[in-house]
Number of protein chains: 2
Amino acid sequence: MAELSERKNQILASVVELYIKTGEPVGSKGLLAATGMNCSSATVRNEMNELDQLGYLIQPHTSAGRIPSEKGYRYYVDNLMMVRDIDEYTKRMIDAGISSSIGDPEKLVNSARELLADITKCACVSTAPVGETNLVRKIELVPVGRHTAMMVLLTSNGILKSRMCRVDGELNADILEKFYNLVKTFFIGKPSVDISLASVQTVAASVEEDYFIMLPLLAAVSDLAGSTGDSRLVIGGSSNLLALKDYGDSIASLLEFLSRKEPLNDVIHSYKGQLNVSIGSENRYKQLEDSSVVISKYSVNGDDSGTIGVIGPTRMDYENIIPSVRYLTDLVGRLITSALEE
Amino acid sequence: MAELSERKNQILASVVELYIKTGEPVGSKGLLAATGMNCSSATVRNEMNELDQLGYLIQPHTSAGRIPSEKGYRYYVDNLMMVRDIDEYTKRMIDAGISSSIGDPEKLVNSARELLADITKCACVSTAPVGETNLVRKIELVPVGRHTAMMVLLTSNGILKSRMCRVDGELNADILEKFYNLVKTFFIGKPSVDISLASVQTVAASVEEDYFIMLPLLAAVSDLAGSTGDSRLVIGGSSNLLALKDYGDSIASLLEFLSRKEPLNDVIHSYKGQLNVSIGSENRYKQLEDSSVVISKYSVNGDDSGTIGVIGPTRMDYENIIPSVRYLTDLVGRLITSALEE
DNA sequence: AATTAGCACTCGAGCAATAAGAGTGCTAAA
DNA sequence: TTTAGCACTCTTATTGCTCGAGTGCTAATT
């Protein structure tokens with residue numbers, strides 16, 4: 001990224017900030033009025049013209065002011081933005097809002113996400129904690145009727161999944177005991193990702209009698225184990241985006257996109273690093289071409305465990321949103337770690 | 001409701017149906033072309049004029065056709081609409097879509113709701129099964145660390161709730177045993193609604209030593225018991241509404257409304273009867289004044305247990321949506337009943 | 001060489017005038 | 001009671017117009 005002159009930096013930063021604030025294209029005179037720069041509007045115009053040709057600014061039409069291009073936002077985020085700590089007021093809001101959910105990881109992440117949506121006025125996503133090293137800690141089978149039972153599976157990092165299952169034969173104590181023996185031998189302490197439908201069938205094959213009663217139970221185990229891996233993605237605050245005039249008609253396709261889990265999951269997992277800002281068409285999905293995504297991971301016990309992120313217009317308030325996301329993921333990670341500690 | 005002449009009935013029905021189909025105000029000539037009625041456009045105009053004065057039709061402006069008023073929709077739904085069985089194709093879609101979720105009540109309701117949203121192209125709500133007679137069946141406390149444990153509460157009709165809790169002292173076998181004794185004595189078999197924070201404190205008072213360890217555990221019990229009562233309302237398909245041109249700018253406030261649980265919960269519970277259609281300003285909430293709500297309850301073992309509903313524009317396709325909702329709630333009720341049966 | 005003042009130019013937003021078209025209500029005849 | 005005919009109303013789309021914001025260029029100034 002070529003360096004720009006000091007004055008160009010200042011002008012670009014001002015254009016970005018003014019445009020983020022007002023939503024109106026920024027003209028030379030308006031910029032001058034807002035910044036009190038020590039030069040004339042003509043000079044600003046000349047500089048803007050060059051920034052234009054370098055691709056940092058765009059003019060929507062000849063007689064309008066400038067708005068930042070994606071390259072402009074990128075340069076701003078990487079080089080110009082004040083890297084500052086979170087705003088004290090926002091910090092207090094977060095601390096207060098999150099306090100009631102301490103203790104339960106999933107609740108904590110949910111409050112954090114809702115809070116972030118309120119603060120940023122954007123849509124926010126979160127995933128509940130998962131770990132690569134996610135071991136099956138306990139499996140319970142609670143009979144509900146003669147043929148049905150509620151199965152509960154708990155993993156080492158506190159994920160709990162449950163479902164009903166139904167068998168054809170009778171669920172008596174004998175069956176239950178056999179089931180618990182299998183569970184103890186084959187599942188407890190194993191990584192939940194290893195419990196696939198195929199591996200479960202191998203286990204079922206070792207059962208001689210009661211094969212047809214055991215099979216649905218074991219299938220349920222693999223279902224639950226599998227679903228502890230899926231990252232339980234939740235999105236909230238989508239309706240915040242409706243209040244913005246940045247999106248025109250494209251808002252419909254954006255919201256439709258955000259309501260589907262698979263692509264969103266893909267978006268979230270396509271970033272490396274701790275905190276990632278993805279601007280406009282840097283996002284792989286067409287539906288996000290007018291949006292920016294700020295994603296950050298939180299770590300439990302030092303391992304990356306889940307994600308919290310903001311999705312909003314490219315014209316989002318990076319300067320405040322980025323520190324908020326950073327602070328929040330940090331806090332969530334620490335709180336979950338301490339909630340789970342021995 | 002005053003009876004109308006046969007011809008007025010026919011004209012009103014045609015206006016409603018054409019308007020539902022096209023979204024355009026219906027004029028006398030267009031109506032004639034679409035229905036092949038055996039009279040002239042002038043006659044239709046006269047009739048329409050009277051329907052207008054009776055309040056069944058509205059003209060958006062002088063030189064447009066007519067659209068149904070709320071009273072018109074109401075009369076249509078109550079008296080004119082073909083009461084027919086569900087469309088065979090829709091029925092197949094439902095049967096196929098729902099089959100994979102049989103066995104687990106909560107999954108079942110969720111698939112049903114998603115399915116309904118796809119079919120109706122509207123927003124859909126559902127509540128997971130609850131019963132008035134919801135007894136606590138089992139409480140499990142699984143230690144996770146020295147100070148933390150996962151608590152699981154299961155009710156008689158298959159609702160499972162869980163949360164983490166953290167205590168200040170050490171969670172040893174002794175404490176666990178004491179806890180299970182309390183649970184057995186005071187909670188198992190009791191209606192979950194009776195377990196309030198206040199009642200739990202009475203229980204805690206009976207503990208002499210370990211009071212401060214037991215209190216947070218008991219508080220967690222009341223929290224879980226309380227949350228089995230809240231009906232776990234979920235809304236889906238909101239983004240379907242964006243594709244409709246019925247809502248203008250009001251779409252933003254509608255979607256914001258739909259994203260909040262409390263008022264939606266209120267809406268759902270404000271209806272009596274089995275199946276209820278609420279048109280436009282018949283809804284108590286201002287945000288729903290341009291919408292209709294079709295709500296139906298499903299019954300498990302003969303008791304009303306949960307709700308599935310459709311929220312869409314007043315110009316929704318009542319004739320198909322109502323039978324779909326009826327069929328779906330019926331099916332869901334039957335499937336859950338059989339999944340839970342002894 | 002950089003900056004600035006001045007000015008002509010461009011383009012979109014907003015507004016009024018106009019034309020076209022759809023649909024009505026009324027009147028008088030069948 | 002129904003219908004044909006017609007004048008009338010109102011919306012929508014189009015056009016032409018002005019206004020103003022903002023630019024880019026040129027020439028003068030520092």
Side-chain angles (χ1 to χ4, degrees), chain A residues 3-12 14-19 21-69 72 245-246 248-249, chain B residues 4-12 14-69 72 245-246 248-249:
Chain A
E3 279 296 325
L4 299 175
S5 74
E6 192 48 44
R7 193 168 62 191
K8 282 202 179 60
N9 275 344
Q10 190 184 352
I11 288 177
L12 179 50
S14 300
V15 171
V16 172
E17 279 159 20
L18 279 173
Y19 182 61
K21 189 146 79 180
T22 66
E24 300 293 326
V26 180
S28 54
K29 204 184 132 213
L31 186 143
L32 220 51
T35 59
M37 277 179 73
N38 213 0
C39 63
S40 77
S41 67
T43 310
V44 175
R45 275 202 293 284
N46 288 333
E47 295 281 46
M48 277 176 152
N49 193 351
E50 289 179 51
L51 285 169
D52 214 85
Q53 293 184 327
L54 291 168
Y56 293 101
L57 295 179
I58 287 175
Q59 30 187 348
H61 51 263
T62 325
S63 73
R66 305 305 213 286
I67 63 175
S69 67
K245 38 198 171 317
D246 294 81
D249 297 338
Chain B
L4 299 175
S5 75
E6 192 48 45
R7 194 168 59 190
K8 282 202 181 55
N9 277 344
Q10 190 184 350
I11 289 177
L12 179 50
S14 300
V15 171
V16 172
E17 279 159 20
L18 278 174
Y19 182 61
I20 284 175
K21 190 146 77 178
T22 66
E24 301 292 326
V26 181
S28 54
K29 204 186 132 213
L31 186 143
L32 219 53
T35 60
M37 276 179 74
N38 213 1
C39 64
S40 76
S41 66
T43 310
V44 176
R45 274 203 294 283
N46 288 333
E47 295 281 47
M48 279 177 152
N49 194 351
E50 289 179 50
L51 286 169
D52 214 83
Q53 292 183 327
L54 291 168
Y56 294 101
L57 294 179
I58 286 175
Q59 30 188 346
H61 52 262
T62 325
S63 73
R66 305 307 213 283
I67 63 175
S69 68
K245 41 199 171 314
D246 294 80
D249 298 337

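Being a predicted model, the structure only gives us computed values, none of them experimental.
Going from atom CD1 of A/Ile11 over to atom CG of A/Leu18 covers 12.0 Å, rounded to the nearest 0.5 Å. Atoms OG and CG, from B/Ser40 and B/Asn46 in turn, are 8.0 Å apart once rounded to the nearest 0.5 Å. Here the CE-OG1 distance, from A/Met48 to A/Thr43, works out to 12.0 Å after rounding to the nearest 0.5 Å. How far CG of A/Asn49 is from CG of A/Leu54: 10.0 Å, rounded to the nearest 0.5 Å.
Among all heavy-atom pairs drawn from B/Gly72 and B/Val16, the shortest one is O-CG2, 4.5 Å. Closest approach of A/Cys39 to A/Val44, counting heavy atoms only: SG-CG2, 3.9 Å.
Taking B/Glu47 as the reference, B/Arg7, B/Lys8 meet the salt bridge (charged side-chain N to carboxylate O under 4.0 Å, His left out) condition, with sequence neighbours excluded.
Nucleotides of DNA chain D with any atom under 4.0 Å from a heavy atom of chain B span, from 5' to 3', D/dT2 to D/dT11.
Note on residues 56-68 of chain B: pairs passing salt bridge (Lys or Arg N to Asp or Glu O under 4.0 Å), not counting sequence neighbours, are B/Asp52-B/Arg66.
A/Glu50 places its CD atom 12 Å from the C1' atom of C/dA2, with the value rounded to the nearest Å. Atoms CD1 (B/Ile58) and P (C/dG23) sit 18 Å apart, rounded to a whole Å. C/dA28 atom P lies 15 Å from atom CG of B/Asn46, rounded to whole Å.
Looking at which nucleotide of DNA chain D each of B/Ser63 and B/Arg7 is closest to, the 5′-most match is held by B/Arg7.
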Identify each donor-acceptor pair in which a side-chain atom of residues 24-37 of chain B lies under 3.5 Å from a protein atom, sequence neighbours left out, and give them as a table.
from	atom 1	to	atom 2	distance (Å)
B/Ser28	OG	B/Arg45	NH1	3.3
B/Thr35	OG1	B/Leu31	O	2.9
B/Thr35	OG1	B/Met37	N	3.3

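Using a 4.0 Å cut-off on heavy atoms, the residues of residues 15-40 of chain B that approach DNA chain D are B/Cys39, B/Ser40, listed by number.
A/Leu4 has its side chain within reach of A/Tyr56: a pair of non-hydrogen atoms, C-beta onward, lies under 4.5 Å apart.
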- Message: Base contacts versus sugar-phosphate-only contacts with protein, heavy atoms under 4.0 Å: please encode nucleotides 13-18 of chain C as B, S and - from 5' to 3'.
- Response: ------
